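This report concerns only the one structure given below.
Labels below follow one simple rule: chain letters A, B, ... track the order of the sequence lines, proteins then strands, and each chain is numbered from 1. Everything quoted here is computed from the prediction, not taken from an experiment.
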Number of protein chains: 2
Amino acid sequence: MPLGPSFPDLASLDLFVSVVELGSVSAAARVHGVAQPSASSRLKHLERQVGLQLLDRSPAGTTPTDAGIVFAGWAEQILRAAHELQAGLAAFRAEQHGRLRIAASFTIAEYLLPQWLQSFSQEHPADSVALEVANSAHVIERLRAGDADLGFIETPSQVPDLSERVVEHDQLVAVVAPGHPWATRTLVPVEALAATPLVTREAGSGTREALESALEARGLTAPPAVLELGSTSAVRSAVLLGNSPTVISRLAVADELAAGSLVEVSIEGLAIDRDLRAVWAPGHPLPPLATDLLASIG
Amino acid sequence: MPLGPSFPDLASLDLFVSVVELGSVSAAARVHGVAQPSASSRLKHLERQVGLQLLDRSPAGTTPTDAGIVFAGWAEQILRAAHELQAGLAAFRAEQHGRLRIAASFTIAEYLLPQWLQSFSQEHPADSVALEVANSAHVIERLRAGDADLGFIETPSQVPDLSERVVEHDQLVAVVAPGHPWATRTLVPVEALAATPLVTREAGSGTREALESALEARGLTAPPAVLELGSTSAVRSAVLLGNSPTVISRLAVADELAAGSLVEVSIEGLAIDRDLRAVWAPGHPLPPLATDLLASIG
DNA sequence: TGGTGTCATAGGTTGAGGCTATAACTGATC
DNA sequence: GATCAGTTATAGCCTCAACCTATGACACCA
């Protein structure tokens, strides 16, 4: 569902947060490279858009109202996500020209990497990171060929010839809409899952593969996909409307599960854990930048 | 630090995600209430801004490229935060006219409530929620006066005359910049903290109070504040630049800690836990909407 | 071989938002 | 107390970005 027609501008939110931080419209205007009257008018427009008084202005400076303080917190969440996108974008654009070349699988690139990249770029403003996204097999290829310094993959098996370190843990989980009959059951048998058509994300087919092999290990075949979609929010709408479950990386639906807009279903005897691992070629010694990145991931 | 000058528009990101979901520029244009050529040109502009080809167009429809898939995932994170802000905003505007009147403390309103409100408004599109933000004492007042149906507070002590339920757990943590000497120490004594000037957020003074009373319990007085700031990102910059620690709600810095842009410091013998609690007047029976909300919080 | 869908281009119009210049006010300093 | 450096708001002008309608080119299905 689209955003409201008069939703505030990213630039205005950014400007507003700067005003709260700096205590002055003029100072914020300077930081943003615009004239003070422009900033002033943008802020007035912002307040009219949201229908709240956000700032107390005085000839001595500007401070947020109570509503403004809370609003600034909410706006910061948006801006944080925006900065992460910006960091990811820079890495995408850098392609082969980066000082540190990363190849990552889809899931990792979407949900983990932006945060890493953003904090990395804050600590190493001079060094650019190049990002390439591909399935796990291709990531390994790139490392072997020396076209990437550091890879991130999600395959369950170990890779010979490569050094590795587990950096994160993921699970495939079954989720349904809150109104679905499964939502209230404590345990659903595997057979029921295998017999139910699924909505699938089907971007990196790594998740699909993992589901299939887990079911085959129990002598079952994976259920047919009733729909294959290209984005998480498409999956979410389809699950909500279509009454079908989906099996998807927990990372992709962590927020929905926390908010309760999707419900996790325990499948009896089916736990698909997978380690997300950093990998690199032991021949080429790991560049210092890569070591720094791995260290900051924790 | 401000966003880049040519950062994509929220509306364009929203449009792009819709295209990925629907597989068609025309369909996305319809959903967004704009003409197809406008959508087409906005998307082309978006691709020029980010410097990447995001879509494969054909007379049969439009599908995202690999980069487009990942980009859509990043964009969805921004849009999620935007929708949360929108839900919070609606609650702010509703003031006294909402069917469910909530009064919440600053920390809860900033970091927890938007997510709850968003999933709630999806499940109850007809019912509006009114939000008022105040310190914990004032929240209790509003409940007693019957001006609010449900309150959320963060005071450590129990409140007589009110029913309550713990909904979340919070901690005050000490954090420093990654380069700070404390960042590598395993344990810092309380006395060192009490002797060090702090940067503080100082929005809801609940956090300040909690720190003071915890220190006083050990016979210490709280350190002077070297700076009092109005927003989390202001605190973050001050901590990074000024080499001072801060003591702040873990909720407020959870993302920074995860990304490694701030580092948590364990203070010896100082653990300030506090329960975040929903409270309501037992006299007035809890409205069904409030029950639903509490249930979805989990 | 229409018909219905897709997307792109062209041309014209409008309005939002920017800038400069100025005014009104506060608080600190001399 | 007067001046100076700081703050924000208003007025007027201008430009360019973004929209819409109309049209064209191409693909797929019946």
Rounded distance (Å) that lies between atom P of C:dC7 and atom CG of B:Asp56: 13 Å
Return the set of residues passing side-chain hydrogen bond (donor to acceptor under 3.5 Å, both in side chains) with A:Asn243 (not counting sequence neighbours), or none when no residue passes. none
Salt bridge (Lys or Arg N to Asp or Glu O under 4.0 Å): which pairs involve residues 65-87 of chain A, sequence neighbours left out? A:Arg80-B:Asp255, A:Arg80-B:Glu256
Residues which pass side-chain hydrogen bond (donor to acceptor under 3.5 Å, both in side chains) with B:Glu47, listed by chain and number, not counting sequence neighbours: B:Arg57
Can you pull the contact range of chain B along DNA chain D, 5' to 3', using atoms under 4.0 angstrom from its heavy atoms? D:dC19 to D:dA27
If the condition is side chain to side chain contact (heavy atoms under 4.5 Å, CB included), which residues does B:Ala60 pass it with, not counting sequence neighbours? B:Ser58
Pairs meeting criterion ring-ring contact (aromatic ring centres under 6.0 Å, His included) with involvement of residues 55-82 of chain B, two or more places apart: A:Phe92-B:Trp74, B:Phe16-B:Phe71
Please collect all side chain to side chain donor-acceptor pair (under 3.5 Å) contacts where either partner lies in residues 8-19 of chain A, sequence neighbours excluded, each pair once. A:Ser18-A:His32
In numerical order, the residues of residues 20-46 of chain A whose heavy atoms come under 4.0 Å of DNA chain D are A:Ser24, A:Val25, A:Ser26, A:Arg30, A:Gln36, A:Pro37, A:Ser40, A:Lys44
Contacts of type ring-ring contact (aromatic ring centres under 6.0 Å, His included), residue B:His138, not counting sequence neighbours: none
Residues in residues 10-18 of chain B with a heavy atom under 4.0 Å of DNA chain D, by number, are none
Can you pull out every salt bridge (Lys or Arg N to Asp or Glu O under 4.0 Å) where at least one residue sits in residues 34-43 of chain B? Sequence neighbours excluded, please. none
Which residues share a side chain to side chain contact (heavy atoms under 4.5 Å, CB included) with A:Ala259, sequence neighbours left out: B:Gln115, B:Ser119
Give the C-alpha distance, both sets of side-chain angles, the deciding distance and a yes or no for side chain to side chain contact (heavy atoms under 4.5 Å, CB included) between A:Leu55 and A:Thr63. CA-CA 6 Å; A:Leu55 295 170; A:Thr63 56; over 6 Å; no
